[in-house]
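First up is the structure itself, then whatever we jot down about it.
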Amino acid sequence: MEYDVVVVGAGPAGLAAAIRLKQLAAEEGTEISVCVIEKGSEVGAHILSGAVFEPRALEELFPDWKERGAPLATPATDDRFLLLTKRHAFRLPTPPQMHNRGNYIISLGNLCRWLAKEAEALGVEIYAGFAGAEMLFDESGRVRGVATGAQGIGKDGQPTANFQPGVELCAKETLLAEGCRGSLTKQLVERFKLRAESGAQTYGIGIKELWEVDAAQHHPGRVIHSVGWPLDRATYGGSFLYHLENRQVAVGFVVGLDYKNPFLNPFEEFQRFKMHPAIRPTFVGGRRISYGARALNEGGYQAIPRLSFPGGLVIGCAAGFLNVAKIKGSHTAMKSGMVAAETVLRRLSGDLTADYHAALSSSWVWPELYQARNIRPGFRWGLWLGLAHAALDTYIFRGRAPWTMSHSADHLHLDRASAAQPIAYPKPDGVVSFDRLSSVFISNTNHEENQPPHLQLRDPAKAIDVNYALYDSPEQRYCPAGVYEIVKDDAGKPRLQINAPNCVHCKTCDIKDPTQNIDWVVPEGGGGPNYPNM
Ligand SMILES: Cc1cc2nc3c(=O)[nH]c(=O)nc-3n(C[C@H](O)[C@H](O)[C@H](O)COP(=O)(O)OP(=O)(O)OC[C@H]3O[C@@H](n4cnc5c(N)ncnc54)[C@H](O)[C@@H]3O)c2cc1C
Ligand code: SF4
């Protein structure tokens, strides 16, 4: 199938790009064909975010978004920033980046569903349930589009009765909008050496639950962030707790993936956090509606790779425009998609000087990321010095310190198990804290079982010889879906069992595996979580 532009991924970046392309073409009185593919069973099915949403890019895309009925129903009215110790919660001054006046507490999944409708109304073709499995190249090595994965191939690699071949979507320009740690983006970064001049990208894992709470516990518009307990002071991370409409509360926990202790279990840290005396009462008497997890970029400004490759551009969190100090990336994702659309349209009309990187660096995205660039790296010195440095960088240097701190890839930070302290986590109480399997159940994750593995070990022997022997198989703990299990045979010989159907597509294993031995590739389209409104 031939298009002018193919977009891989129907998140805020991909949808904003598709909409802007159609808007600009209409303004110029030209025709442009735009196709968006999405691996989730529907748009929004794989979207997981906080989310406090800064509407700046949306205002630019649709100045009349209110009249059009965009699902931004709860203005953020009350910001709180807490330092937790095991028993107490101390309210700290809210850092300026975390002031949310003018922002909205939303479900990003629902915003994407709404954006998809607007896009379709403008003539964008959206195909949900189709995963971009392979980039297509012409003889000169230029990207000429993307192929979706075949359906109905069995575990043995042979076609089953349900076989349907993949589709080649050919495009003059391909936009990669796969979000954080995109699997095709990873291949192109390597092929075109897009990181040759940038720092390593770094990540966090965010685990989230959506609750319906008791009316007395519900304060629509309240935004709470915390640092400190239950994490130790050397580990970066913290919680978010957002009160939306309809008695809903989004609660989540982020752990920086540069953590050192292989015994750390981000899921258990999150469950433990909810047991804190200042947090637990919000959820007692409530009902957990949904659960999920997703990695997020933390590398910021210094980790932005080259953004264009022959035949296309990288947009949104696939490139890494999240502002860690704000914990927000959907506004920058949308803006990058819009700027990419403007560049692509100029290129398609013959202006080959159109430069996405230059255009984006003169937009508001650049100064915003530049100012925040040293805050996250400062936490390598631990919580106290990290907070002190963040205050210095914000209030004294105002983000303009004459240096830029660097960081290194997360998988390099793991200590050996022999040098680390095992962590004893409390048992779930079944009221506010739960186990992993019952949690995955409410992510509505579903994969065809008879398909080739989508979690691929480059060297299967390393699972035991390296991961088990040296790190006590940290994938057993960092995977928020319990996909990786060490099982022992009768003679006590360990083996790594991969329960791939449980995977919620967070991409943490692809990031944190100490020898980068795990490759996450797309499973059959439509597989994965089915988040309602995350
Ligand atoms: C726990 C957490 C909390 C957050 N909180 C906030 C917040 O409060 N405010 C905020 O602004 N931001 C927040 N963010 C960040 C925000 O969610 C991201 O910045 C934003 O979603 C990035 O948009 P995107 O379109 O680039 O990628 P995504 O939203 O990740 O969308 C990518 C889409 O592409 C699809 N896709 C991926 N690969 C393929 C493929 N090969 N083929 C087909 N489809 C594919 C995915 O299924 C997905 O639908 C948070 C993130 C997390 C994880
Ligand atoms: S298998 Fe990997 S991508 Fe899937 S849920 Fe586990 S850590 Fe995330």
Side-chain angles (χ1 to χ4, degrees), residues 7-17 36-40 42-54 76 100 103 105-106 108-109 111-112 127-135 146 148-149 176-185 203-208 223 225 240 242 250 252-254 266 292-297 314-323 326-334 336-337 440 443 445 454-455 475 478-484 498-500 502-513 518 520-523 525 528-529 531 534:
V7 183
V8 183
L15 291 167
V36 181
I37 54 168
E38 167 53 51
K39 67 177 164 64
E42 51 141 358
V43 172
H46 288 184
I47 299 290
L48 182 141
S49 192
V52 179
F53 181 69
E54 191 175 306
N100 283 302
N103 297 338
I105 306 177
I106 65 162
L108 191 63
L111 180 66
C112 289
Y127 299 107
F130 287 86
E134 192 191 329
M135 297 307 296
V146 60
T148 65
L176 289 180
E178 295 178 287
C180 178
R181 195 70 168 195
S183 47
L184 294 176
T185 312
Y203 303 87
I205 174 176
I207 306 180
K208 173 180 166 181
V223 171
H225 293 106
F240 61 88
Y242 305 150
F253 204 85
V254 175
R294 181 82 172 95
L296 58 153
N297 301 108
V314 191
I315 63 178
C317 276
F321 299 123
L322 185 129
N323 179 337
K326 283 187 178 175
I327 337 172
K328 292 187 184 64
S330 44
H331 62 307
T332 46
M334 287 182 72
S336 71
V440 179
S443 69
T445 297
H454 78 277
L455 300 155
E475 60 273 24
Y478 63 59
C479 173
V483 167
Y484 298 97
I498 303 182
N499 307 311
N502 282 0
C503 172
V504 295
H505 297 202
C506 75
K507 313 282 180 76
T508 302
C509 50
D510 194 283
I511 297 164
K512 186 64 177 170
D513 184 68
I518 301 176
W520 189 101
V521 300
V522 285
Y531 296 137
M534 294 284 266

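In listed order, ligands and their atoms are each counted from 1.
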Practice item. Could you tell me whether ligand 1 has any atom less than 4.0 Å away from a heavy atom of Phe130? Key: yes

Check your understanding: Is the shortest distance from a heavy atom of Val52 to ligand 1 less than 4.0 Å?
Key -> yes

Review point. Of Glu42, Glu178, Lys208, His46, which has the heavy atom at the shortest distance from atom 39 (C) of ligand 1?
Key: Glu178

Check your understanding: For atom 4 (Fe) of ligand 2, which protein N/O/S atoms are closer than 2.8 Å?
Key -> Cys503 SG

Review point. If you measure from atom 51 (C) of ligand 1 to every heavy atom of Ala45, Gly252, Ser49, which option wins on shortest distance?
Key: Ser49

**Study point:** contact_flag Ala177 ligand 1 heavy-atom lt 4.0 Å
**Key:** yes

Point to revise | Validation row, ring centre Tyr242 to ring centre His225 under 6.0 Å | key: yes

Exercise for review: Give the single entry among Asn103, Leu48, Ile47 that approaches atom 52 (C) of ligand 1 most closely by any heavy atom.
Suggested key: Leu48

Point to revise | Tyr478 OH: over 12 foreign heavy atoms closer than 6.0 Å | key: yes

**Study point:** Presence of salt bridge, Glu54 and Lys326, under 4.0 angstrom
**Key:** yes

Review point. Aromatic rings His46 and His505: how do their planes relate, parallel, tilted or perpendicular, breaks at 30° and 60°?
Key: perpendicular

Check your understanding: Which is closest to atom 45 (C) of ligand 1 by heavy-atom distance: Arg181, Lys39, Met334?
Key -> Lys39

Study note, to complete from the structure: closest protein heavy atom to atom 1 (S) of ligand 2 is Tyr484 CE1, 3.6 Å

Check your understanding: ligand 1 and Leu184, any nitrogen or oxygen pair closer than 3.5 angstrom?
Key -> no

